[in-house]
Student: 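I'd like to ask you about the structure that follows.
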Amino acid sequence: MKGTVVKTTGSWYEVRDDSGCLYRCRLKGKFKAQDLKVTNPIAVGDRVIVEVGDHQHTHIINEILPRENYLIRASVKHPEIGHILASNIDQAIIIATLRKPKTSLGFIDRYLVSAETFRIPSLIVFNKVDQYKKSQLKELDDIQETYENIGYRTLATSFTEHIGIDNLRSQLNGKTSLLSGHSGVGKSTLLNLLIPEADQKVNPISGFSSKGVHSTTFAEMFTLNRDSFIIDTPGIKELGLMEIGQEELSHYFPEMRALLGNCKYHNCTHTHEPGCAIIAQINRTIPESRYLSYLSMLENEDNRR
Ligand SMILES: Nc1nc2c(ncn2[C@@H]2O[C@H](COP(=O)(O)OP(=O)(O)O)[C@@H](O)[C@H]2O)c(=O)[nH]1
Ligand SMILES: [Mg+2]
Ligand SMILES: [Zn+2]
């Protein structure tokens, strides 16, 4: 049987076949992981071949089909090892908030860069607009404009006040979407709104830090309708990037990508070199905040944090 992994708990894997039936599976004893160094050999979204047993406890995942794409982050404890957030996705959605908790532009940019390594289209959703003060609404306008100009889709939403939900719903249609963001930005609230049966635990924001508490521990794929799926991931504190070389990084900033042939030196790092086409465009087609994110990712020894 061929199916899609919809939930992983470490020792068990839930696999959905193409008619929607679920199988609780284990991994073959000598499962050969792909070449990547990862903490999870199987991730949500993976297409797998299952040997169906006579009863519940004997279904075995025998093989993983090649991944079309995936989002990976460096493991916090062992930065040389990755953790795959999800695979085979049509779009990466980052839920960000300007307050309670505040998502930094640096975090958004790291996420976008991870998605760009496979050219996965991204959507940036700014949630909790019901909470923003006038000055933050203005800030939001500017930030949305910045990202829209680069070519990213953005939305302003309130999951509790139902602002922007229809728009978001239509962006989810017909796709497998990965939902990510810090804890507390509203991922579970959104899932409950779209899929009441999902019955996700929503956490109060802890007053002191305005940060969310972790409750989702494992990624899980939910069915929105026959051909639309949403993968929820545990809140990400920091997104460590993996395996992006210095000379490669600028390729994952679309507004820089367009200019790359124009630098004087072919191995330009766009930091100090004379005749750099990127530096010449800062505050023009390249927003300063994006360039600063670029520098910060570059400085970070092999892009890990
Ligand atoms: N004011 C406001 N609060 C929200 C909104 N969306 C979610 N919340 C609240 O933010 C807190 C964290 O939400 P939760 O869905 O658990 O976030 P998650 O950690 O990303 O899954 C809860 O108290 C939600 O009620 C919103 O649009 N506006
Ligand atoms: Mg949650
Ligand atoms: Zn340059």
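Counting from 1, the numbers follow the sequence of the chain as shown. Both ligands and their constituent atoms are indexed starting at 1 by order of listing. Only heavy atoms go into these numbers, but all of them, side chains included; no hydrogens, no water, no symmetry mates.
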Student: Over 60° means perpendicular and under 30° means parallel, so classify the ring planes of Y294 and H270, tilted if in between.
Tutor: tilted
Student: Which is closest to atom 19 (O) of ligand 1 by heavy-atom distance: G181, S188, G184, G186?
Tutor: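 Shortest heavy-atom distance from atom 19 (O) of ligand 1: G184.
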Student: Considering both backbone and side-chain atoms of S183, is one of its nitrogen or oxygen atoms within less than 3.5 Å of a nitrogen or oxygen in ligand 1?
Tutor: no
Student: Using a 4.0 Å cut-off to any heavy atom of S158, which atoms of ligand 1 qualify?
Tutor: 26 (C), 27 (O), 28 (N)
Student: Hey, what's the angle at the Zn ion (ligand 3) spanning SG (C268) and SG (C276), nearest 10 degrees?
Tutor: 110°
Student: Does any N or O in the side chain of Q281 come within less than 3.5 Å of the main-chain N or O of A277, such that one atom is a donor and the other an acceptor?
Tutor: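 No: the side chain of Q281 does not pair with the backbone of A277.
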Student: Could you tell me whether the Mg ion (ligand 2) has an N, O or S atom of S183 under 2.8 Å away?
Tutor: no
Student: Where does D130 meet ligand 1, judged by heavy-atom distances below 4.0 Å: at the side chain, the backbone, both, or neither?
Tutor: side chain
Student: Given R290, which partner from the list T285, T146, D109 fulfils the side chain to side chain donor-acceptor pair (under 3.5 Å) test?
Tutor: D109
Student: Does the Y132 side chain pair with the main chain of L98, one donor and one acceptor, at a distance under 3.5 Å?
Tutor: yes
Student: Numbering the atoms of ligand 1 from 1, which are under 4.0 Å from a heavy atom of N127?
Tutor: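 Those of ligand 1 that fall under 4.0 Å from N127 are 5 (C), 6 (N), 26 (C), 27 (O).
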Student: Are F229 and F222 near enough that their ring centres are under 6.0 Å apart?
Tutor: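 Judged by ring-centre distance (under 6.0 Å), F229 and F222 do not meet the cut-off.
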Student: Between the side chain of Q144 and the main-chain N/O of D141, is any donor-acceptor distance below 3.5 Å?
Tutor: no
Student: Of all N, O or S atoms in H270, which has the smallest distance to the Zn ion (ligand 3)?
Tutor: ND1
Student: Which bit of V202 is near ligand 1, meaning a heavy atom under 4.0 Å away: side chain, backbone, both or neither?
Tutor: both
Student: Out of curiosity, does I61 fall in the hydrophobic cluster containing V52 (side-chain heavy atoms, cut-off under 4.5 Å, transitive links)?
Tutor: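 Yes.
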Student: Considering distance alone, does some N or O of T189 sit under 3.5 Å from an N or O of ligand 1?
Tutor: yes
Student: Tell me which part of Q131 gets within contact of ligand 1: side chain, backbone, both or neither, using heavy atoms under 4.0 Å.
Tutor: side chain
Student: May I ask you to decide if G181's main-chain N or O and K187's side chain share a donor-acceptor pair within less than 3.5 Å?
Tutor: yes
